[in-house]
Amino acid sequence: MPISDEQITRLIYRSCLRLDAEDFEAYLELFAPEFEYRISNYSVEIRKDQRWMDVNQDEYKALLESIPLHSKPLGTFARHANVYDIERNGEDRAKVTTFLTVYYTTPDGGTKVFAVGKYFDEVDISGDQPLIADREVRLETREVGIGSIVPM
Amino acid sequence: MSRNAEEHLSPPKVADGESYIHASVYTDPDLFAEEEEKVLRRTWKFVCHISEVEKAGDYRTHQWTGVPLVTIRGNDDKVRTFVNTCSHRGAKIVRDVAGNMKHMTCFFHMWEYDLEGNCTYQPREEGYEELGPTKDDLSLREIRTDIFAGLIFINFDGNAESLRDYIGEAGEPFEKIFNNHELEVFHYNQTHVKGNWKAWYLTNCDLYHEWSHLVNRTTSVLTKGYHDRPWRIQPNGHGYNAHHLDGSPFQVNYKKYKSWENRDHLVFKGLAPGEFRVTDIFPNLSVFFRATCIRLNHSTPIAPGHCIMEERGLAIKGESREDRRMRTKQFVQIWGPFSRNASEDCAYVEATHACQEAGANPYDLMSRVEKFEDGVHERIHSDTYLRHFWGEWSRLMGRPANNPKNFMEAAE
Amino acid sequence: MSWQQVCTTDDVDEDAIEEFDVGDITLLVANAGGEYYAFPPNCPHQETPLSMGMIEGETLICIKHLWQWNLRTGELGDNAESPLLKYEVKVEEGAVMVNLEKELKYNYQ
């Protein structure tokens, strides 16, 4: 059975839910082996594209595992995604474009928009389940408060 | 035993009155206003790296002490800074953050200025023939601008000493290395921090706070000789912490942080593998080396409890895509909004400010002296540089940082 | 309980620390250069989980305040202000055996 658009969409949404829940182990199960993850944007200030995170599978896994050892933001993040486009590239790959809004709820309960951007994902659809083979979080927002050690 | 109100509000019990400050230096609006005049407009302030205004017409807008500014490279290749306001009605002339232009045109009445600040065009100019003034009287106000090792600085004070004299030997740890390569900015981010600009800067200078970062605990504090490195205090409020006492480099063990590699490739010429150095230039620029990465960090004060912190990463111009990618990866491991350290630092400054603003913590201690058998106690975890900074601040302000508004006398 | 098999030698990579439950007892097993050591799960200082700690040679390091102990000799290393409690360990045909006659506990204040 070929992977359906619905399965691909559900994959993207699950990645948001699992990251919101900070269930990093379950979140990483949604990625294909050897995946890469980046956070990027265009800096108006230096007039260049730039990367604010660039990690491979092992680095991303270690990064997520070490989060409890760091001074983590005390509030919580909630991701709102809308899959805009799924473009199939042969039978093995799909390019998925997802609009992303990340909200941050402070420890005293107020919520504000943390960042707006898009996920540009390469999804591996060659197996039984779709898996994220490459994710670029392309941010529109360049001022992300004090930042975050938790990725987007 | 906990302390009662009187004990809590009394100056700390330390042997040296210079080893604490009163928290109002971070929160008081009058001191903030006075500081703009006496400190911020009289010292050299870092603006940006020279690669950001590389070609004639390249500009970068910014502000200092609330004054809108534009730094721009002229057709004569000279970098100048102007007050970014039209001589006519005062509208901001250059409204973008950065870009390139042939001339500066005010969008309100279309007056035009050349890259050297001369007013060159007014629509229907003859309307000023009757009463004046002439265009010659309407050029832009220029602010002193100078360059040190590719770093552009400004100074509002026309009588201040030259930039080179101002920095002096504090440039020693970075000038040669910066000049060994053609560098360019590849990383930029700015953050509105709910804290005082000095608190941001001094977090960089307070190396005892390395204990707080998991990265530093595992890769640095555990490293042999970590605690030995002396502070090198320089005139004008500057200082640096670089080599061990015997002149050998301090090499960070990056591999100790899970999944990270040691930094022994792509090291800037003049540094050892893994080498760490930090130079602090008064009033608020910190220049960091982490072997393969250079970070320029400063902030712009907005209000006592608000500053805009900027981070820049420098890389070697023309390096391969692979090298740039690796350098970028390593830079954003520790610095930038999604790094392991920078957002932790922001959180420390904000947590401190929230308490100080409420008057909850009236004093800030800087009495650490780590004793060493050789008698050199000005080491990395001593508050040597903090005391030096506040000494310079007190001198410029004409007020002691431990009692800047005579609180003690007023209370009696 | 006295001597119990807690894990096999393959369960703990070199320079790694793993957590195990045997009955009601939670303990950590560290592999320091092929030698196996077992100790209670938290640091004697502030109950920080030592499972997140580091092994350097024979030294165990707590990640929080960098208290250090020599696992073999039990000697206090840098920063450490109180001793680490250790279980007796022996390796028999790939099985890591620990003497769990009595659960070791710190008197946290």
Side-chain angles (χ1 to χ4, degrees), chain A residues 19 24 28 36-75 77 102 104 106-108 112 114-115 117 135-139 141-152, chain B residues 48-49 51-52 54 58 60-62 96-100 184-195 212-215 217-218 257-261 308-313 324-333 335-351:
Chain A
L19 198 49
F24 302 129
L28 286 168
E36 293 193 347
Y37 173 98
R38 298 174 298 283
I39 300 176
S40 70
N41 65 20
Y42 176 78
S43 167
V44 168
E45 292 83 4
I46 58 170
R47 295 182 279 161
K48 282 175 190 155
D49 257 46
Q50 59 175 356
R51 287 178 182 172
W52 281 351
M53 188 178 284
D54 184 356
V55 284
N56 63 28
Q57 182 178 21
D58 291 344
E59 291 161 343
Y60 198 41
K61 187 168 179 283
L63 181 151
L64 293 170
E65 282 172 355
S66 75
I67 283 173
L69 303 174
H70 283 269
S71 304
K72 197 173 107 23
L74 297 172
F77 291 103
V102 183
Y104 179 66
T106 59
D108 54 7
K112 60 178 185 179
F114 179 80
R135 168 161 283 183
E136 175 137 353
V137 187
R138 183 80 181 165
L139 293 179
T141 308
R142 304 195 311 282
E143 214 284 305
V144 288
I146 67 166
S148 169
I149 63 160
V150 181
M152 293 296 102
Chain B
C48 65
H49 186 252
S51 64
E52 295 172 69
E54 195 176 18
D58 281 354
R60 181 73 166 85
T61 58
H62 50 108
D96 285 340
V97 175
N100 181 277
E184 66 177 355
V185 177
F186 73 98
H187 172 101
Y188 180 86
N189 69 277
Q190 66 173 39
T191 294
H192 287 259
V193 179
K194 292 193 272 301
S212 70
H213 295 298
L214 178 68
V215 166
R217 285 203 301 277
T218 51
Y257 192 89
K258 205 172 172 187
S259 89
W260 288 6
E261 294 297 322
I308 301 175
M309 181 276 279
E310 289 177 62
E311 292 185 277
R312 282 172 168 80
R324 178 61 58 89
R325 184 172 183 191
M326 182 55 73
R327 197 183 299 285
T328 304
K329 273 175 86 107
Q330 294 184 348
F331 186 93
V332 298
Q333 282 171 347
W335 296 317
F338 294 99
S339 68
R340 301 304 88 189
N341 281 21
S343 70
E344 290 186 331
D345 283 332
C346 288
Y348 305 145
V349 172
E350 293 199 345

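Quick note on labels: first sequence line is chain A, next is B, and so on, each numbered from 1.
- Using a 4.5 Å cut-off between heavy atoms, B/Phe338 touches chain A through backbone and side chain atoms alike.
- If you check the side chains of A/Glu143 and B/His192, you find no donor sitting under 3.5 Å from an acceptor.
- Heavy atoms of B/Glu310 lying under 4.5 Å from chain A are absent altogether.
- What you find for A/Ala62 and B/Lys258 is that their closest heavy atoms are CB-O, 3.8 Å.
- Each of B/Glu184, B/Gln333, B/Arg312, B/Arg325 has some count of heavy-atom pairs under 4.5 Å with chain A, and the biggest count is that of B/Arg325.
- If you take CZ on B/Arg327 and CG on A/Asp54, they are separated by 14.5 Å, rounding to the nearest 0.5 Å.
- Here the closest non-hydrogen pair linking A/His70 and B/Tyr257 is NE2-OH, 2.7 Å.
- Contact annotation for B/Phe331: neither backbone nor side-chain heavy atoms come within less than 4.5 Å of a heavy atom of chain A.
- With a threshold of 4.5 angstrom between heavy atoms, B/Val193 does not approach chain A through any atom at all.
- In terms of heavy-atom pairs under 4.5 angstrom with chain B, the leader among A/Ile67, A/Val144, A/Leu63 is A/Leu63.
- Of all non-hydrogen atoms in A/Glu59 and B/Ser259, the two that sit nearest each other are CA-OG, 3.5 Å.
- Closest heavy-atom contact between B/Ser343 and A/Ser148: CB-N, 3.9 Å.
- Contact check for B/Arg340 versus A/Ile149: side-chain heavy atoms found under the 4.5 Å cut-off.
- You'll find the side chain of A/Glu45 stays beyond 4.5 Å of the side chain of B/Val185, heavy atoms only.
- Here the NZ atom belonging to A/Lys48 is positioned 5.5 Å from the OG atom belonging to B/Ser51, to the nearest 0.5 angstrom.
- With respect to chain B, the highest number of heavy-atom pairs below 4.5 Å among A/Asn41, A/Val44, A/Leu69, A/Asp58 belongs to A/Leu69.
- Contact of A/Leu74 with chain B is not made at all, since no heavy-atom distance falls under 4.5 Å.
- For A/Asp49, the side-chain contact (heavy atoms from CB on, under 4.5 Å) partners are A/Tyr42, A/Arg138, not counting sequence neighbours.
- By the 4.5 Å heavy-atom criterion applied to side chains, B/His187 and A/Trp52 are counted as neighbours.
- For the atom pair B/His49 NE2 and A/Ile46 CD1, the distance stands at 12.0 Å (nearest 0.5 Å).
- Taking both residues in full, the closest heavy atoms of A/Arg51 and B/Thr328 are given as O-CG2, 3.7 Å, listed atom of the first, atom of the second, then distance.
- The 12-atom threshold is exceeded at NZ of A/Lys72, counting heavy atoms of other residues, nucleotides or ligands nearer than 6.0 Å.
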